[in-house]
Amino acid sequence: MLEDKNKERTSLEKMGEFGLIDHLTQQFTIQNKSTVKGVGDDAAVLDFKNKKMVLSTDLLVESVHFDLSYMPLKHLGYKAVMVNLSDIYAMNAKATQVTVSIAISNRFPLEALEELYAGIQLACKTYGVDMIGGDTTSSKTGMLISVTALGEIEENKITYRSGAKENDLLVVTGDLGGAYMGLQVLEREKEVFKVNPNNQPDLEPYSYIVERQLKPEARKDIVELLGKLEVLPTSMIDISDGLSSEILHLCKNSEVGCALYENKIPLDPTVISSCEEFKMDSTMIALSGGEDYELLFTIDQSDFPKIKGNPSLTVIGHITNKSNGANLVTRAESLIPLTAQGWNSFQDS
Ligand code: ADP
Ligand code: MG
C-alpha cells in the first residue's frame, strides 16, 4: 500500500496505529549519550549521570494556536518542537530529547502526517535533539499536538526567573515583534484569498517577518554563546508572550522592579515598515506581540564588557528596587508602568 506512488492520499484507517507510528518514527536517529532507549518500548530510558534534568511541555490546538490554512504541516512540526526547546534554553540548559503526542482526525491522510514529522525531524536534527516517544490518538474535531522537551544542565548553571537583583542589566536577544507582524500579513492574505482565490500574494517584502511567524528558531546559539563568554545570567526567560509580560514575570519572581528603555528595544526594519503600513505602534507590538522566541535575561553589571558590542545581544534596561515598579521609559523620558498587555496608557507615574 505504501509503495503505491500514484496514490497521493493514503488513508490512516488502512495503516493501523502501530504501522503508522513505525512509519513516522523510522527516520529518526539517536544523537545524545543520555538517550539509552528511545521509541519502541513501553517507556524511554534516559541517563543524565550527574547533571540535572529540565523538562517542559506545550500543547498546541488547531484554530487556537495554529491555522492550517496558512501554516504548512512541516512548519507546524518544526514550530511545535521550537516552542519547547525555547523553554529548555531559557533555563540555560542543553536540549536533549523530545516526545511528540498527536490527536488527529481521519481528514488527514498519511502524507499530511509525513509532512508534520518531516518538520519535527528537521528540528531534531538541526538542534541535536532525540525524539524518544509520544502518543497517537484520534480527534473528532481539530488537530492537537503536544511536545515535551527535556534537557540537561549542571546544577550551578540553571537560570531561574527568580535571580535578578537590583542594578543588573536587562538584555534581550535578536529583535522583537516580527512574528506578530508576520501573522498580521498572513491573516490579511487569508482574507484576500477568500475574496479572490486567484490572487497570488507577493510576500517577498515581508519574508523576514513571515518566516519569524512560520519558522521560528529557538536560541540554542545564545546558550552556547553565553557559555563561551563565561556569562551566567542571574535570571532568564524566553519571550513567547511578548516582552512586557515576560519582564513582569522576571520582576515578580525576582521581587524587583525595572526600567525598560523604549528607544533601546531592537526592531527589524521590516517590523517598523509593516507597523507603519498596518497603522500599529511598533513599541506596542514588541511589548505585547509574542511568539518571537527570543531570550530575555539579566546579568551582573560586571559582565557587561563580555557582552558589549555583540550583535545578538541588546541591553534594553536595568533592574531597580521593587518599590519603583516595572516601567517603560518612553522616548519622551516619561515613566509608564508596564502591564501584561504592553503598558497601561491610563496610568501615569
Ligand atoms: P502504549 O500503548 O504503551 O502507549 P504506543 O503503542 O502508544 O504504546 O507506543 C509505542 C511506542 O511508540 C512508544 O515508544 C511510544 O513512545 C511511541 N509513540 C507512540 N506514538 C508516537 C508518536 N506520535 N510519535 C512518536 N512516538 C510515538
Ligand atoms: Mg500510546
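Just follow the structure's listing: the first ligand is 1, and inside any ligand the first atom is 1.
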Checklist entry - If you measure from each non-hydrogen atom of Tyr117 to ligand 1, which part falls under 4.0 Å: side chain, backbone, both or neither? => result side chain
Item to check | Element-labelled atoms of ligand 1 that are located less than 4.0 Å from some non-hydrogen atom of Phe18 | outcome: 6 (O)
Item to check | Proximity flag Gly40 to ligand 1, non-hydrogen atoms under 4.0 Å | outcome: yes
Checklist outcome for this item: side-chain contact (heavy atoms from CB on, under 4.5 Å) filter on Ser139, not counting sequence neighbours, yields Ala103, Thr141, Leu144
Next on the checklist: Under a 3.5 Å cutoff, is there a donor and acceptor pairing between the side chains of Asp135 and Ser101?
Outcome noted: no
Next on the checklist: Give the atom numbers and elements of ligand 1 that come within less than 4.0 Å of a heavy atom of Thr25.
Outcome noted: 25 (C), 26 (N)
Checklist entry - Applying a 4.0 Å heavy-atom criterion (strictly less than), which segment of Asp135 is in contact with ligand 1: side chain, backbone, both, or neither? => result both
Next on the checklist: At less than 4.0 angstrom from any non-hydrogen atom of Asp41, what atoms of ligand 1 do you find?
Outcome noted: 13 (C), 14 (O)
Next on the checklist: For Tyr293, is the OH atom crowded, meaning more than 12 foreign heavy atoms sit under 6.0 Å from it?
Outcome noted: yes
Next on the checklist: Looking only at side-chain N and O atoms, does Glu17 offer a donor or acceptor that is under 3.5 Å from a partner on Thr136?
Outcome noted: no
Checklist entry - Does any N/O atom on Asp42 come nearer than 3.5 Å to any N/O atom on ligand 1? => result no
Item to check | Gly133: numbered ligand 1 atoms lying under 4.0 Å from its heavy atoms | outcome: 16 (O), 25 (C), 26 (N), 27 (C)
Item to check | Atoms in ligand 1 with a heavy atom of Met131 nearer than 4.0 Å | outcome: 25 (C)
Next on the checklist: Assess, by modelled atom type and distance only, whether the side chains of Gln301 and His318 contain a donor and an acceptor separated by less than 3.5 Å.
Outcome noted: no
Next on the checklist: Quick check: Gly134 and ligand 1, any N/O pair under 3.5 Å apart?
Outcome noted: yes
Checklist entry - Which ligand 1 atoms are under 4.0 Å away from a heavy-atom of Val39? => result 12 (O), 14 (O), 17 (C)
Next on the checklist: Tell me whether Ile88 shares a hydrophobic cluster with Met91, the cluster being built from Ile, Leu, Val, Met, Phe, Trp, Tyr side chains joined at under 4.5 Å.
Outcome noted: yes
Item to check | Check: Thr234/Thr298 side-chain N/O donor and acceptor closer than 3.5 Å | outcome: yes
Checklist entry - Among all residues two or more places apart in sequence or in another chain, which pass the salt bridge (Lys or Arg N to Asp or Glu O under 4.0 Å) test with Asp22? => result none
